[in-house]
Each structure stands twice: as C-alpha cells, then as structure tokens.
J.: 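Provided herewith is a single structure, encoded as structure tokens, for subsequent inquiry.
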Amino acid sequence: MSSDDERDEKELDITSSEVVTKYKSAAEIVNKALQGVLAECKPKAKIVDICEKGDSFIKEQAGSMYKNVKKKIDRGVAFPTCVSVNNTVGHFSPLAGDETVLEEGDMVKIDMGCHIDGFIALVAHTHVIQDGPITGRKADVMAAANTAAEVALRLVRPGKKNHAVTEAIQKVADAYDCKIVEGVISHQMKQNVIDGSKSFLSVTTPETRVDDVEFEENEVYAIDIVASTGDGKPKLLDEKQTTIYKKDAAVNYQLKMKASRFIFSEIKEKFSHMPFTARSLEEKRARLGLVECVNHGHLQPYPVLYEKPGDFVAQIKFTVLLMPNGSDRITSHTLQELQPTKTIDDPEIKGWLALGIKKKKGGGKKKKAAKKAGETSTEAEPMEASSSAQE
C-alpha cells in the first residue's frame, strides 16, 4: 500500500499541518467573502443578489487554489450564503426571482461557509444597516450573542463537558434579558462532515437532546449562537421558502418520479457532502423533484424559521480549532459599536470572559514579562451598557 493510500484510509485531522493549512485557507476565503457581502448590505439591495455574490466569490477564490495537484481536490461553498433579516432566524437564501430587498435599520444576519478538500470554515455575523452605534434592544441581542460566543470560545476546550457550555450560554442571554433560540446546535466538524456527532445545544429543551460529551484536543467545532429579543421559539411560516438542503447518505429509498431521479443524480454529483441551495440546480425540474427527495429522507431541509414580527434575532458563528497550544478561532468579523441597555455584573460570566484561549508556556520571569509586553490579551470584555444608555 502506498503512503498516499495509507493517508486516505486514516481519518485526517489537525494533527496534520497540511489539514490546518486547508482549514485556514478556507477561513481566509470565507472571512473575505463576509467582508464583501457586508459591503453589499445597503438599503434597497436585493437579498438574492447579495447571496449570489457571496457564493460566487467563494467558488472563484477556492477554485483558484490547489489547481496543480495530482489528485483533484474538491473545494468551494460549504454552506450557501444566507441573508436573514430582523425576526427571520436564518437560512434565508431565496431563489432567483425573489424581489425581497434590505431596508435602512434592518438587522441582517449573514451566514456562509467555504471548504478546501472537505475541511470546512463556517462564519455568521450580525450587522444593522445604519450609521453610528447600535442602541436599545438591537444592541442587547447582538451583545448577548457575541458575549455568549466569547464565553463558548473559552469553555469549548479539551477536558470540558458540552453541557457546561450550554448552561453558560443560557446564563449570558439571561443577563441581557434575551432568549437563546431553541434548536440551534453547534457541531464538531471533520473532513466532509459539517454536522459531526459530537455537539452541544445553545439551550436545552425537552424536544432537543444531545449526548453528553467531552471536548478533546485536535477537534474542530463550528460554534453557533442565535439570540432573540422574543421568546426563542421560532415557527415555520412557509415551507416554500426553504431552499437549502443536504444529502443524507444513509437513505436508500428508490425515487419514483423521473424529475426526482434527475435532480438527485445532479445533487449526488455536485453536492455529495455539503449543503446546497436550490438556486444551483436546474430550476424548472428542481422544485418538483426536491419534494419527493425531502419526503423520503434523501435530503435534509434547512427551514426558514421566524420569531414574531417586531422581535430581533442576532447570530454569531465561528470555527475553532482545538490546537495543542490552545484554541484558534479562524473565522470572525468585528461588530459595530454596541450600546446595550444591560450591564454584565455576574462574577461567573466575568470569570469566564477572563479565561485565556491560548495555553500558557512555562519559562523564567523575564521570558514571561517579555511575552506579556509583546502580546495582546486574549481576555474578552462583556458588552457593557454605555452611560448614555443607562441614563
């Protein structure tokens, strides 16, 4: 057996520097794509056009990498660009004919992903279309999602348990008088696996349960926090708005309709591992064929869910590598200035935020002092209420 074959049989993870490079290359592309999509988020911009631009950028950038390797490397979009506004929880990535536009003051959640050779980098970010600082309940919900994400980054570390992270996320949301949206799960990721079996909930409910697990070194996670000013129990309003699906390899049902078989063979060829948007399929046949594929479990839908009108939903998602020297968050974007109405006074939350994300190395006092002088702190600050917001 050649060394290449041996490497194929062994599950690749971040103990390999080549794998780390692929994760970081995917992250660099998706971070730039997010920046580009944010620049397009202006009043009267069509959401479908923004989604198309995000996906096109990722395809183009990923396609230019690893061109000259012997073995063809699959690369491109790992999760279609979604632009979900205000009380829309997520997964809004409409079809080509959709006329929905953004408006001044909209709270926009952008969710997207890139992969190189099946190594996935996901990111989601929340932005309000306005100049100046974000205030009031919009600021509260963005601060809740962001502070919960910062806490999760510090608690998803080797030796820690998943249920402890769930409890901490819940506590942060309560501090901002917000709710964590039910049903959102953060998953471990592996090569070609976007939703690995190790996972944790952002909030526990009787309907949604995950196994108790312990995080381990050399694992990769997509940490996904979605907070709401509403009750955190979103509803499906219109199944026709669902456009994102993922193939379920475990299902073997023989499809009956010709349109379904046609569309499913296209999906197997183009999107064997990653979620995709129905925009990418031959559209006329797509809607008809997708229904049978979903009904018989061949495809898992990513539904568009809603909180009540007037509620605001914020999302922060990032990819983290649990490296031997500490946690490496590879996807993110800076938030607008927030002036929330709430202040974090809880000593436990402040303690979590004060945790470092890199392991401290031993050494003499001089060495430590030099390191301290040359390094920025990994401590996170809670999003505090501004003096103007408190008056």
J.: Just say parallel, tilted or perpendicular for the rings of Phe276 and Tyr245, cut-offs at 30° and 60°.
T.: tilted
J.: Are any of the side-chain nitrogens in Glu52 or Arg279 under 4.0 Å away from the carboxylate oxygens of its partner?
T.: yes
J.: Anything under 30° is parallel, anything over 60° is perpendicular, the rest tilted; go ahead and classify His296 against Tyr253.
T.: parallel
J.: Decide, yes or no, whether a salt bridge links Glu150 with Arg154 under the criterion of side-chain N to carboxylate O below 4.0 Å.
T.: yes
J.: Checking side-chain contact (heavy atoms from CB on, under 4.5 Å) for the pair Phe200/Ile169: CA distance, chi angles, key distance, verdict?
T.: CA-CA 11 Å; Phe200 63 90; Ile169 290 168; 3.9 Å; yes
J.: Does Lys24 count as lying over the ring of Phe119, i.e. NZ or CZ under 6.0 Å from the six-ring centre, within 45 degrees of the axis?
T.: no
J.: If I take atom CD from residue Glu28 and atom OG1 from residue Thr331, how far apart are they, to the nearest 0.5 angstrom?
T.: 13.0 Å
J.: Run the salt-bridge test on Asp98 and Lys46 with the 4.0 Å N-O cut-off and return the result as yes or no.
T.: no
J.: Find out if a path of hydrophobic residues (ILVMFWY) with successive side-chain heavy-atom gaps under 4.5 Å connects Ile116 to Val220.
T.: no
J.: Set out, in order, the CA-CA distance, both residues' side-chain angles and the distance that settles side-chain hydrogen bond (donor to acceptor under 3.5 Å, both in side chains) for Thr15 and Asn218, then state yes or no.
T.: CA-CA 6 Å; Thr15 52; Asn218 298 315; 5.6 Å; no
J.: Using side-chain contact (heavy atoms from CB on, under 4.5 Å), reason through Phe92 and Thr100 one step at a time and then give a plain yes or no.
T.: CA-CA 10 Å; Phe92 191 77; Thr100 312; 4.0 Å; yes
J.: Between Asp13 and Lys190, is the closest basic N to carboxylate O distance under 4.0 Å?
T.: no
J.: Before giving the answer on side-chain hydrogen bond (donor to acceptor under 3.5 Å, both in side chains), spell out for Glu182 and Thr205 the whole-Å C-alpha distance, their side-chain angles and the decisive distance to 0.1 Å.
T.: CA-CA 7 Å; Glu182 292 181 3; Thr205 65; 4.9 Å; no
J.: Do Lys22 and Asp117 sit within salt-bridge range, that is, some charged N less than 4.0 Å from a carboxylate O?
T.: yes
J.: Are Met112 and Met189 connected in a single hydrophobic cluster, I mean Ile/Leu/Val/Met/Phe/Trp/Tyr linked by side-chain heavy atoms less than 4.5 Å apart?
T.: no
J.: Please test Lys109 against His125 for side-chain contact (heavy atoms from CB on, under 4.5 Å), starting from the C-alpha separation and ending with a verdict.
T.: CA-CA 6 Å; Lys109 292 162 290 296; His125 181 74; over 6 Å; no
J.: Could you point out which residue of Lys160, Lys161, Lys198 forms a salt bridge (Lys or Arg N to Asp or Glu O under 4.0 Å) with Glu214?
T.: Lys161
